[in-house]
Structure formats: structure tokens, C-alpha cells
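Heads up: the structure comes next, in C-alpha cells.
We're numbering straight along the sequence, starting at 1. Because only heavy atoms are used, hydrogens play no part in the values below, and waters and symmetry mates are left out as well, while side chains stay in.
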Amino acid sequence: HLERNEAYRDAASEKHTRGKLKSAVERAITKANVVILDSLNNIKGYRYELWCVARAAGCRYCMVHVDAEADAARQWNAARAANEAYSDQVF
């Protein structure tokens with residue numbers, strides 16, 4: 001389990017988080033499973049790595065980008081339970 005504010009607090013933590021998430025996808029992906037990775041996929045090379053994982057497993061790959069105004073995203077974050085919200089530093 002990843003604690004969201006620790007996982008994205010700085011570049012080194014985010015890199016470690018990406019590695020853990022990619023490993024989890026590699027373990028879970030099969031032709032019989034639908035795997036949804038709800039994460040920051042803003043790095044082109046990381047998206048390509050995930051595409052390669054899907055291709056190696058013989059699966060399709062789709063990325064969904066949510067285009068939201070920063071103010072709306074802040075409101076959504078503020079509406080979360082305290083233990084599920086991103087800190088201002090991370091946000």
C-alpha cells in the first residue's frame with residue numbers, strides 16, 4: 001500500500017512509486033484481467049514502459065487523461081476524507 005503524500009513528496013519518492021506501481025501491473029496483467037492503474041502518467045517514458053508491459057502480456061493498452069481546471073481539482077481534493085487527501089505541498 002502506498003501512502004499518497006509520502007509517495008509523491010519529491011522526485012526520488014515519485015520514482016520509487018512508479019517502480020512499485022509498474023511491478024504491481026506486471027504481476028497483475030493477463031489476458032483475463034483488466035488492470036486499472038490510477039496514477040500520475042505524465043512522464044512519456046513511463047507511459048511507454050507500461051505500454052511495453054501490456055504488449056509483452058498480449059494485452060491492449062489505453063490511457064485516459066482527465067483534463068480538469070486546477071481549482072476544480074483542488075475542490076475535489078478538499079472534499080476527500082483527511083486521510084485520503086493530498087497535502088498542499090504534494091498537490
Side-chain angles (χ1 to χ4, degrees):
H1 178 67
L2 298 170
E3 200 283 313
R4 65 183 72 221
N5 287 308
E6 291 298 316
Y8 296 107
R9 74 171 181 255
D10 56 33
S13 297
E14 186 177 335
K15 183 177 181 180
H16 179 70
T17 299
R18 285 194 311 270
K20 288 178 85 170
L21 292 172
K22 180 182 169 193
S23 293
V25 169
E26 288 173 326
R27 287 189 305 273
I29 197 165
T30 67
K31 288 184 178 186
N33 289 342
V34 173
V35 178
I36 299 173
L37 174 59
D38 183 8
S39 176
L40 299 176
N41 292 319
N42 57 333
I43 298 174
K44 185 178 180 180
Y46 183 57
R47 291 192 307 266
Y48 178 71
E49 287 178 24
L50 293 172
W51 178 82
C52 289
V53 168
R55 184 173 176 191
C59 299
R60 302 263 184 197
Y61 173 88
C62 174
M63 185 181 139
V64 176
H65 174 79
V66 177
D67 188 19
E69 296 290 328
D71 289 338
R74 287 188 191 284
Q75 288 175 350
W76 295 336
N77 189 55
R80 292 175 182 247
N83 63 332
E84 294 180 359
Y86 289 97
S87 68
D88 289 336
Q89 178 189 8
V90 170
F91 197 84

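A donor-acceptor contact shorter than 3.5 Å is absent between the side chain of Arg4 and the backbone of Tyr86. Between the side chain of Asn5 and the main chain of Asp88, no donor-acceptor pair closer than 3.5 Å is present.
In this structure, Glu3 places its CD atom where more than 12 heavy-atom neighbours from other residues, nucleotides or ligands lie under 6.0 Å away. Under a cut-off of 6.0 angstrom, the local environment of CZ in Arg55 is sparse, with at most 12 non-hydrogen atoms contributed by other residues, nucleotides or ligands. Asp38 CG: 12 or fewer foreign heavy atoms inside a 6.0 Å radius. Within a 6.0 Å sphere centred on CG of Asn33, heavy atoms belonging to other residues, nucleotides or ligands number more than 12.
Residues Glu14 and Leu40 come closest through the heavy atom pair OE2-CD1, 4.2 Å. The two residues Ile29 and Ala54 make their nearest non-hydrogen contact at CD1-CA, 3.7 Å. Taking all atoms of both residues into account, the shortest heavy-atom contact from Ile43 to Arg18 is CD1-NH1, 3.3 Å.
When side chains are defined from C-beta on, Ser39 counts as touching Tyr8, because their heavy atoms get closer than 4.5 Å. With contacts defined as side-chain heavy-atom distances shorter than 4.5 Å, the pair Lys22/Tyr46 qualifies.
No path of Ile, Leu, Val, Met, Phe, Trp and Tyr side chains, each step under 4.5 Å between heavy atoms, connects Met63 with Val34, placing them in separate hydrophobic clusters. Taken together through direct or relayed side-chain contacts under 4.5 Å among Ile, Leu, Val, Met, Phe, Trp and Tyr, Ile36 and Val53 form parts of separate hydrophobic clusters. Hydrophobic clustering of Ile, Leu, Val, Met, Phe, Trp and Tyr side chains at less than 4.5 Å, counting indirect connections, unites Leu2 with Leu50. Grouping the Ile, Leu, Val, Met, Phe, Trp and Tyr side chains by contacts below 4.5 angstrom, directly or via other members, places Val64 apart from Leu37.
Rounding to the nearest 0.5 angstrom, the gap separating the NE2 atom in His16 from the CG atom in Asp10 is 11.5 Å. For the atom pair CD of Glu84 and CG of Asn77, the computed distance is 10.5 Å after rounding to the nearest 0.5 Å. Considering CZ of Arg80 and CD of Gln75, their distance stands at 13.5 Å, rounded to 0.5 Å.
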